[in-house]
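Report on the following structure.
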There are 2 protein chains.
Amino acid sequence: MLFSTKAEYGVRLMVELGRRAGTTAPEEAEPVALATVAEAELLPLSYLEHLVAKLRQADLVSSVRGAHGGYRLAKPAREIAMLDVVEALEGPVAPMECFHTEREGRVLCSHEVDGDRACATKLLWTRVHGGVTKALAGTSLAELVEFADAAAATAALPEPVA
Amino acid sequence: MLFSTKAEYGVRLMVELGRRAGTTAPEEAEPVALATVAEAELLPLSYLEHLVAKLRQADLVSSVRGAHGGYRLAKPAREIAMLDVVEALEGPVAPMECFHTEREGRVLCSHEVDGDRACATKLLWTRVHGGVTKALAGTSLAELVEFADAAAATAALPEPVA
DNA sequence: ACAAATCCTAGCTGTCCAGTCGGAAAACCG
DNA sequence: CGGTTTTCCGACTGGACAGCTAGGATTTGT
């Protein structure tokens, strides 16, 4: 398993916020209480609190405290890459424990003791890492929102007009 | 983290077998004792035994029992896709717990209760899964062996001829 | 017979996931 | 003001799994 339920729940949460905001600018959308999304997605509220905290620290959602408070997207859905969402929830995405991406794009593996003896596996994990990050970075929250809306629309019409 | 040390150690083991076989056909290569690769790669022998058992069940290596026994590749390195190696060690590769690939290429998510209500996240995990499997399936063991040999060769020449 | 190796099963220890709980602080509302 | 609704924060727990280790049975060269 690549990701835990943290990513699953967190992404669902973000999609829910995106759907409720609709086309209105995120700044002006009404904040959505966590209890609302918990009920809609059948997720435990107390657990969601931990996840949304991470999303807030990553500046992906903003919060409004007090009664009638809640959360909303910090940016328009189209500007939110799912890579950022997942990394906020799960930490830096890496295929292996020993795999770290340095700032300069260099890849380090804790198994290469010095610089000389390269892991044979480095080539493989680098490719996998590239595949994952490419998929995550290339998908925006807006895409998922549209996907969810489309699915909900077809579900509302049990018999398409044929 | 996508994979555990099972994949890391197992891949290293396969690369080691591939390197020692060299260009000789796998059938005729001398079997390599597990203790040898454990020493070469600084990995715990008793743990490797578990991993190699899985590789054998997946017909990726073949074993020779008794004194002077050991393991060798069951097929030429070029015909071994790393996807098979990793799946033998880690089980079916999936980004999420709720993500299963059915035989017919259909993708199921345990969260879509019926057929109608599709996970919003399905699109995302499908893309990630595609990225990972593409990277793994597109890399053969032979590539990693060549990579390791090349790295070892340059390490043996501290000063390239400049 | 002995030694070298693969094989098989069992267990053990730590870490982390998933989730709960209790309570603080902030903001709206009457 | 006081109560209600919400976000916020930390501690705790039960279970699962990763990462080994141990011990022995089995097979096979010498």
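Below, read A as the first sequence line, B as the second, and so on, with proteins coming before strands; counting in each chain starts at 1.
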Nucleotide nearest A:Tyr71 (side chain, heavy atoms from C-beta), chosen from D:dC20, D:dT5, D:dT7: D:dT7
A:Ala67 side chain, from C-beta outward: closest of C:dC8, D:dC9, C:dC28: C:dC28
Would you indicate, yes or no, if [N] has its OP1 or OP2 atom less than 4.0 angstrom from a side-chain nitrogen or oxygen of [X]?
| X | N | result |
| --- | --- | --- |
| A:Tyr9 | C:dG19 | yes |
| B:Ser4 | D:dC17 | no |
| A:Thr5 | C:dA18 | yes |
| B:Ser63 | C:dA5 | no |
| B:Lys6 | D:dG19 | no |

Tell me: [atom1] of [X] to [atom2] of [N], nearest whole Å?
| X | N | atom1 | atom2 | result |
| --- | --- | --- | --- | --- |
| B:Glu49 | D:dA25 | CD | P | 16 Å |
| B:His50 | D:dG19 | NE2 | C1' | 9 Å |
| A:His68 | D:dT4 | NE2 | C1' | 11 Å |
| B:Leu55 | C:dT6 | CG | C1' | 14 Å |
| A:Glu39 | D:dT6 | CD | P | 12 Å |
| A:Glu30 | D:dT6 | CD | P | 12 Å |
| B:Lys54 | C:dT9 | NZ | P | 14 Å |
| A:Leu45 | D:dT7 | CG | P | 8 Å |

Donor-acceptor check, side chain of [X] to backbone of [Y], threshold 3.5 angstrom: yes or no?
| X | Y | answer |
| --- | --- | --- |
| B:Glu90 | B:Ser4 | yes |
| B:Thr36 | B:Val32 | no |
| A:Arg72 | A:Ala29 | yes |

Shared hydrophobic cluster, B:Tyr47 / B:Leu17 (ILVMFWY, side-chain heavy atoms < 4.5 Å): yes
Residue mapping more 5' on DNA chain C - nearest nucleotide basis, B:Ala53 or A:Tyr47: B:Ala53
Sugar-phosphate only, base, or nothing, as touched by B:Val64 at under 4.0 Å among non-hydrogen atoms: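 Sugar-phosphate, no base atom in range.
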5' precedence on DNA chain D between A:Ser46 and A:Arg65 (nearest-nucleotide basis): A:Arg65
Considering all heavy atoms, the nearest B:Tyr9-B:Pro44 contact: CE1-CD, 4.4 Å
